[in-house]
J.: 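Here you go, one structure.
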Amino acid sequence: MAHALLSIVLTRLASVVEQQIRDELTLVLGVEAEIQSLTDTLRSVRDVLEDAERRQVKEKSVQGWLERLKDMAYQMDDVLDEWSTAILQLQMEELKTLPFASRRDISLKIKDLKQQLDVIASERTRFNFISSGTQEPQRLITTSAIDVSEVYGRDTDVNAILGRLLSENDEEKSRLYIIAIVGTGGMGKTTLAQLAYNHPEVKAHFDERIWVCVSDPFDPIRVCRAIVETLQKKPCNLHDLEAVQQEIQTCIAGQKFLLVLDDMWTEDYRLWEQLKNTLNYGAVGGSRILVTTRKDNVAKMMGTTYKHPIGELSPQHAQQVEELKEIGEKIADKCKGLPLAIKTLGNLMRLKNKKEEWKNVLNSEVWQLDVFERDLFPALLLSYYDLPPAIKRCFSYCAVFPKDADIRVDKLIKLWMAQNYLNSDGSKEIETLGREYFDYLAAGSFFQDFQKDDDDDDIVSCKMHDIVHDFAQLLTKNECFIMSVDNAEEERTRISFQTIRHATLTRQPWDPNFASAYEMKNLHTLLFTFVVISSLDEDLPNFFPHLTCLRALDFLRELPETICDLYNLQTLNIFGCVSLIQLPQAMGKLTNLRHLQNLLTTLEYLPKGISRLTSLQTLNEFVVSSDGDNKCKIGDLRNLNNLRGELGIRVRDEGVAAALEPHPNLKSLSIQRYGDTEWHGWMMRSPLTQLKNLALSYCSKCLRMPPLGELPVLEKLEITDMGSVKHIGGEFLGSSSRIAFPKLKKLTFHDMKEWEKWEVKEEEEEEEEEEEEEEEEEEKSIMSCLSYLKILGCPKLEGLPDHVLQRTPLQELVIADSDFLQQRYQQDIGEDRQKISHIPIVKYEGE
């Protein structure tokens, strides 16, 4: 965490100095020596941070030293923001030199920070820190021994593992069969392996059983020697890998064995291959390897045959750990099914006999329980220590979200970007790097409860386990903060607001108290989870000016003009602010803004200054105005050439809409409330050769469908509330190709109230029939990939085309609020029920 923060400061420091030299600007003079010394000291301090971060949980003095170091680093980052802003202002005003007072102010701040850092650096000597790379985190050595009577709630998991260990078939005998138990620290992976290893049926089934605690780093010689010692029941005196491998092959020859590799961390296939080849050479059919690991990538690298993700205990099993009554049940609930947490609190409560003591435990925060820290957090710390420094910082930042919050992955990545946590070397997009960081954390079980995209199976949202969230808060308790503005006085006693850098404000929807929020002057992130009521209109303009370091803001109401002075703001999220009708006129001053998330607002126009935000990468909706010099016109889009992702264009002038021909490489398109009776030319010409997803919604005046069948790679099509369409026929398929909808997989019609007839035939079919006597025509291929069809709210539709039902690979048909169709295709009694009897999944309204 601190390591990554110092790395960010070092990178930014070099960048700002380089920019000042490159642009020949006279900003800060006389601090060259301090900057060089500051850089050298930061690098030397960074070398011991890995050891310091390991020791901070148990040593309060080390924790305090790290807190001062992080605060100094944040101050340095803020000064660099001020420096960068000064460069920006000079460029905007086409000047070369700042006023003397401003230059002197930055210079004095740099010198002061240098003195602070010197003091912090000198203090490190009394801690005897070990430099990076010379010490590994100490991991508990496990054995196969277990007291079965103390294990609860894993019967289903044990049975699943036993089924894989004991089953035999010809396919399983032909290759090395590997079972991987995957889950986060403290989830019970080792316990599950111990239960299986010691099960009577397993003992009887295998000729040899071997248990090896692998841990990290993976040492092939050490692991091989441990296997030999278990098999031979005596110390192994061999130290050459080749000799040890041959000894293993001799010992397992003709034997059906079970090998448990507990706590596997390495993702290096070359190391695993040295052991795998040895076992493959001597393995007898039916032999098994059982692995426990925290990382999905380890299971994949090993070529796992069966992966068993270990889940949480049920509340019923959690409560069996201790015979507790009303208070005890609440304490068990706080464990949220994490086995190691249950065991830790059970041991703690054995020493407490008074009701008040139990209440104190129930009401305590996790980081206030020393025993809880010592027994539970090391399990999480081992996973945390294994993260690269940059990903550590991304994980700890997640403490800014409230417990049990749904975390949108795209939002999380944008927040990481705003804090400069994602530094790409230029070989990949920053968003791609952010997705890789998230996937790394997800694979390490730092997130759970994933919601995935229906189309590409990417994770779109997730949650954090309460215990993992508590752990993140422990790492950032003076840095990331969640505050109810209604309980400001209570919060005031617990923390110094000056050290808070990332905050989420929550409250009840009445009479909020912003007094404490005004004290958080060094914020980099500010997330409101509520709509700020209008009674605060007089206070809001004074709330933002002091937040000069702010980089990310979520805000759900009208924005005051003072927000335009936040020059360092990179992410502004006003998503879902339905009462917002206009943005501040001076938005053009936010030249560092990269992401403006303005979906589901009622903006009437965008201020002209938006067109000057050339760094803007996200703009959900561009609102086109046809009048007023201070409003964006359609031509202003040409300046925003860094936009990516999704872009909505809202227009009121149909002439403008007709001229908006999309780029031919567009992959997803949604058209809403198109107001003409006929489709514009580019929709009829089908130039969108890369379009995969298309939605047509509320185009109530259109009388017919465009020739969408000619789109060569279209996979998903949704048509909603086209109230004037009564007939869909050959015009829908198009006529320029013998193949219509060649890649279409999902087709949905919603609320087509006047739609009566759907025919799958070409408009010129009669002419073609006459020409068949002279020349046989090739039959048109239609929807050859269609697997899903949904008809919702089409009460007048008489029937579905036989071709669609019987000559496409349809796997699922959904019919709802469509009376004629439901009667016609109803199971057992519908007149055309036989036409859909082959479709695997058929659903009707209410199913």
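Every value quoted in this text rests on a predicted model; they were computed, and no experiment measured them. The basis for the numbers below is simple: all heavy atoms, side chains too, and nothing from hydrogens, waters or symmetry mates.
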J.: Would you say the side-chain atoms of T571 pair up with the backbone N or O of R594, donor to acceptor, closer than 3.5 Å?
T.: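 No, because the side chain of T571 does not come within donor-acceptor range (under 3.5 Å) of the backbone of R594.
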J.: State which residues pass side chain to side chain donor-acceptor pair (under 3.5 Å) with K452; sequence neighbours excluded, sorted by chain then number.
T.: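 Expected list: none.
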J.: Going by an N to O cut-off under 4.0 Å, is there a salt bridge joining K189 and D262?
T.: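 Here K189 does not pair with D262 in a salt bridge, since their nearest N and O are not under 4.0 Å apart.
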J.: Does the pair R551/D77 count as a salt bridge with the N-to-O cut at 4.0 Å?
T.: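 A salt bridge is present here (some side-chain N lies under 4.0 Å from a carboxylate O).
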J.: Output yes when R270 and E273 qualify as a salt bridge under the 4.0 Å nitrogen-oxygen rule, no when they do not.
T.: no
J.: So does G163 get a backbone contact from the side chain of S167, meaning a donor-acceptor N/O pair under 3.5 Å?
T.: yes
J.: Using a 3.5 Å distance criterion without hydrogens, assess whether the side chain of T499 forms a donor-acceptor pair with backbone atoms of N478.
T.: yes
J.: Between W416 (side chain only) and Y421 (backbone N and O only), is there a donor and an acceptor less than 3.5 Å apart?
T.: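 No; judged by distance alone, with no hydrogens or angles, the pair does not exist.
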J.: Please verify the inter-ring angle class for Y306 with H308; under 30° counts as parallel, over 60° as perpendicular, anything in between as tilted.
T.: tilted
J.: When you measure from the side chain of N598 to the backbone N and O of N620, does any donor-acceptor pair fall under 3.5 Å?
T.: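 Such a contact is found between N598 side chain and N620 backbone.
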J.: K276: which residues meet the salt bridge (charged side-chain N to carboxylate O under 4.0 Å, His left out) condition with it, sequence neighbours left out?
T.: none
J.: Keeping T504 on the side-chain end and V400 on the backbone end, is there a donor-acceptor pair under 3.5 Å?
T.: yes
J.: Answer with yes or no after comparing the ring centroid distance for Y197 and W211 against a 6.0 Å cut-off, counting only values under it.
T.: yes
J.: For the pair H469 (side chain) and F401 (backbone), establish whether a donor and an acceptor sit closer than 3.5 Å, ignoring hydrogens and angles.
T.: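 Pair found, side chain donor or acceptor close to backbone of F401.
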J.: So, E715 and K746, do they make that salt bridge, N to O below 4.0 Å?
T.: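 No.
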J.: Relative to each other, are the rings of F447 and F438 parallel, tilted or perpendicular (30° and 60° limits)?
T.: parallel
J.: In plain terms, say whether R644 and E431 are close enough for a salt bridge, that is, a side-chain N and a carboxylate O under 4.0 Å apart.
T.: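 The answer is yes: the pair qualifies as a salt bridge.
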J.: Determine yes or no for a side-chain-to-main-chain donor-acceptor pair under 3.5 angstrom, with T292 supplying the side chain and I181 the backbone.
T.: no
J.: Are T618 and Q597 close enough that a side-chain donor and a side-chain acceptor fall under 3.5 Å?
T.: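 No pair is found: no donor N or O on one side chain lies under 3.5 Å from an acceptor on the other.
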J.: Under the 3.5 angstrom rule, does the side chain of R288 hit a backbone N or O of R164 as a donor-acceptor pair?
T.: yes
J.: Check side chain to side chain donor-acceptor pair (under 3.5 Å) between E621 and all other residues, then give those that pass, not counting sequence neighbours.
T.: R650
J.: How long is the span from the CG atom in L415 to the CD atom in Q570, to the nearest 0.5 Å?
T.: 11.0 Å
J.: Under the criterion side-chain hydrogen bond (donor to acceptor under 3.5 Å, both in side chains), which of Q473, K70, H524 is the partner of E479?
T.: K70
